[in-house]
Every structure is written in C-alpha cells, then in structure tokens.
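The model shown is predicted, which means the values in this text are computed figures rather than measured ones.
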Amino acid sequence: MKDRLQQLLGICIEKGSEEDLGALAHLLEGFEKSIDKKYMQYIDGLLQFERKIDRENKTCEIIVPLNSLWNNSLGIVHGGITATILDTAMGTAINAILPEGYGAVTNQLNIHYIAPGIGDTLRCKAEIIHHGTKTVVIAGEAFRKDGKKIAHATGTFFIIQK
C-alpha cells in the first residue's frame with residue numbers, strides 16, 4: 001500500500017497544476033492532523049474544522065478554511081460541503097449537551113441556499129430550538145468570510161442510546 005501511495009503522490013506532484021497541488025496539500029495537511037489525533041474524525045481533519053462549543057447557550061460554531069478542493073464546477077463551495085458542515089455543527093451542539101451514554105443522529109435536514117459560498121472561510125453556527133425526550137430541533141446558518149449568509153438550515157435529530 002505504501003508503494004502505491006508514494007507512486008500516486010509522485011504522479012500527482014509531477015502532473016498537477018498549482019491549483020491541483022494546493023488542493024492536494026490542503027487534503028494531506030488535514031489528513032495528517034487526523035492521524036495525529038488533532039481531530040476526532042477524518043472528515044474533521046479533511047475539512048480542517050475549528051469548533052467552538054457553548055454548552056450553556058446550546059450552540060456550536062464551526063469555521064472551515066475554503067479551498068478549491070471543495071468547489072463545484074462553478075467555482076463555488078459545493079452545496080454538499082455546506083450541508084456537511086451545517087449538519088456537523090448542529091449535531092455537535094446537540095451531542096455536547098446530552099447525558100453520558102446518549103447521542104444524536106440526523107433524522108431530517110432542510111437547507112435553503114441563499115448565496116454562493118466564496119472567499120477564504122465558511123462559518124456555520126447552530127442553535128438548539130427545542131429539546132425533547134426523543135428528538136431535538138435545531139437551526140443552523142452558514143456565512144462567508146465577508147459576513148454574507150449563504151445558507152439557512154433546520155434539522156431534527158433523534159436522541160439514541162449508545
């Protein structure tokens with residue numbers, strides 16, 4: 001496996017454009033941080049999440065550096081990437097306040113895309129609206145670095161026993 005990875009990396013470095021190499025470097029830096037346990041999951045490292053959890057106010061904020069790796073064919077952040085970050089912020093806010101032995105999983109996620117995701121960073125903030133015994137309803141927003149809201153989301157999460 002190591003030989004194949006070194007071969008692939010060599011081919012990518014030799015043939016890649018500056019944009020390709022920037023995307024590859026971003027990917028590998030995040031992966032390295034995942035390996036070094038600076039992130040809880042691979043997706044956190046790949047997207048290089050910076051999380052802020054406020055248990056008292058039942059919120060979570062995630063800031064992600066943008067890179068062409070996450071762009072769609074129009075050169076803007078792919079909606080699926082925005083959805084992933086929103087879903088993660090929402091789930092993190094919920095899981096941060098649940099008692100030991102419980103977790104939350106997404107049941108329903110609704111996203112309204114408002115503006116293109118462009119710039120250097122994407123910031124997503126989630127806030128719990130309703131906390132029941134079996135479900136939690138939460139809202140999330142995604143913003144560009146210039147402060148423009150690019151998406152609004154609501155979600156319902158099931159509370160499950162681990």
| said: Keeping Asn95 on the side-chain end and Gly91 on the backbone end, is there a donor-acceptor pair under 3.5 Å? | reply: yes
Counting only N and O atoms by type, is there a donor-acceptor contact under 3.5 Å from the side chain of Asp54 to the main-chain atoms of Glu56?
yes
Distance-minimising heavy-atom pair for [X] and [Y]:
| X | Y | result |
| --- | --- | --- |
| Tyr113 | Gly80 | OH-N, 4.5 Å |
| Gly45 | Ser34 | CA-OG, 3.2 Å |
| Pro116 | Ile150 | O-CG2, 3.4 Å |
| Ile159 | Gly132 | CD1-O, 3.5 Å |

In terms of hydrophobic clustering (I, L, V, M, F, W, Y; side-chain heavy atoms under 4.5 Å; direct or indirect links), are [X] and [Y] co-clustered?
| X | Y | answer |
| --- | --- | --- |
| Phe31 | Leu66 | yes |
| Leu98 | Met90 | yes |
| Ile128 | Ile111 | yes |
| Leu47 | Ile62 | yes |
| Leu122 | Leu27 | yes |

Q.
Quick one, Asn110 with Gln108, criterion side chain to side chain contact (heavy atoms under 4.5 Å, CB included). Give me CA distance, side-chain angles, the key distance, then yes/no.
A. CA-CA 7 Å; Asn110 301 303; Gln108 182 177 8; 3.5 Å; yes
Applying ring-ring contact (aromatic ring centres under 6.0 Å, His included) to Tyr102 and not counting sequence neighbours gives none
To the nearest 0.5 Å, atom CG of Asn67 lies from atom CD of Glu19 at 8.5 Å
Exercise. With salt bridge (Lys or Arg N to Asp or Glu O under 4.0 Å) as the test, would you mind laying out the steps for Glu141 and Lys149 before giving the verdict?
Key: CA-CA 7 Å; Glu141 298 175 308; Lys149 185 191 293 190; 2.7 Å; yes
Notebook entry, point to check: Is there a side chain to side chain contact (heavy atoms under 4.5 Å, CB included) between Tyr42 and Asp44 once you walk through the steps?
Noted result: CA-CA 5 Å; Tyr42 286 121; Asp44 297 11; over 6 Å; no
Residue set satisfying side-chain hydrogen bond (donor to acceptor under 3.5 Å, both in side chains) with Glu127, at least two apart, ordered chain then number -> none
| message | Under a plain distance cut-off of 3.5 Å, with no hydrogens placed, do Thr156 and Asn107 share a side-chain donor-acceptor pair? | response | no
Query raised in the report: Does a side chain donor of either Asn71 or Ser68 reach within less than 3.5 Å of an acceptor in the other side chain?
Result: no
Problem - Salt bridge flag under 4.0 Å for residues Asp146 and Arg144 - result: yes
* Identify whether the distance between the nearest side-chain nitrogen and carboxylate oxygen of Lys15 and Asp20 falls below 4.0 Å. => no
Before you tell me yes or no, could you show the steps for Glu61 and Arg123 under salt bridge (Lys or Arg N to Asp or Glu O under 4.0 Å), namely the whole-Å CA-CA distance, both residues' side-chain angles and the distance that decides it to 0.1 Å? CA-CA 7 Å; Glu61 180 178 274; Arg123 180 176 59 88; 3.2 Å; yes
- Task: For Phe49 and Thr92, run side chain to side chain contact (heavy atoms under 4.5 Å, CB included): C-alpha distance rounded to whole Å, both residues' side-chain angles, the deciding distance at 0.1 Å, then the answer.
- Result: CA-CA 12 Å; Phe49 286 169; Thr92 300; over 6 Å; no
>> Walk me through whether Val77 and Ile118 qualify under side chain to side chain contact (heavy atoms under 4.5 Å, CB included).
In response: CA-CA 6 Å; Val77 176; Ile118 55 175; over 6 Å; no
Exactly one candidate in Arg51, Lys145, Glu50 meets side chain to side chain contact (heavy atoms under 4.5 Å, CB included) with Ile63; the answer is Glu50
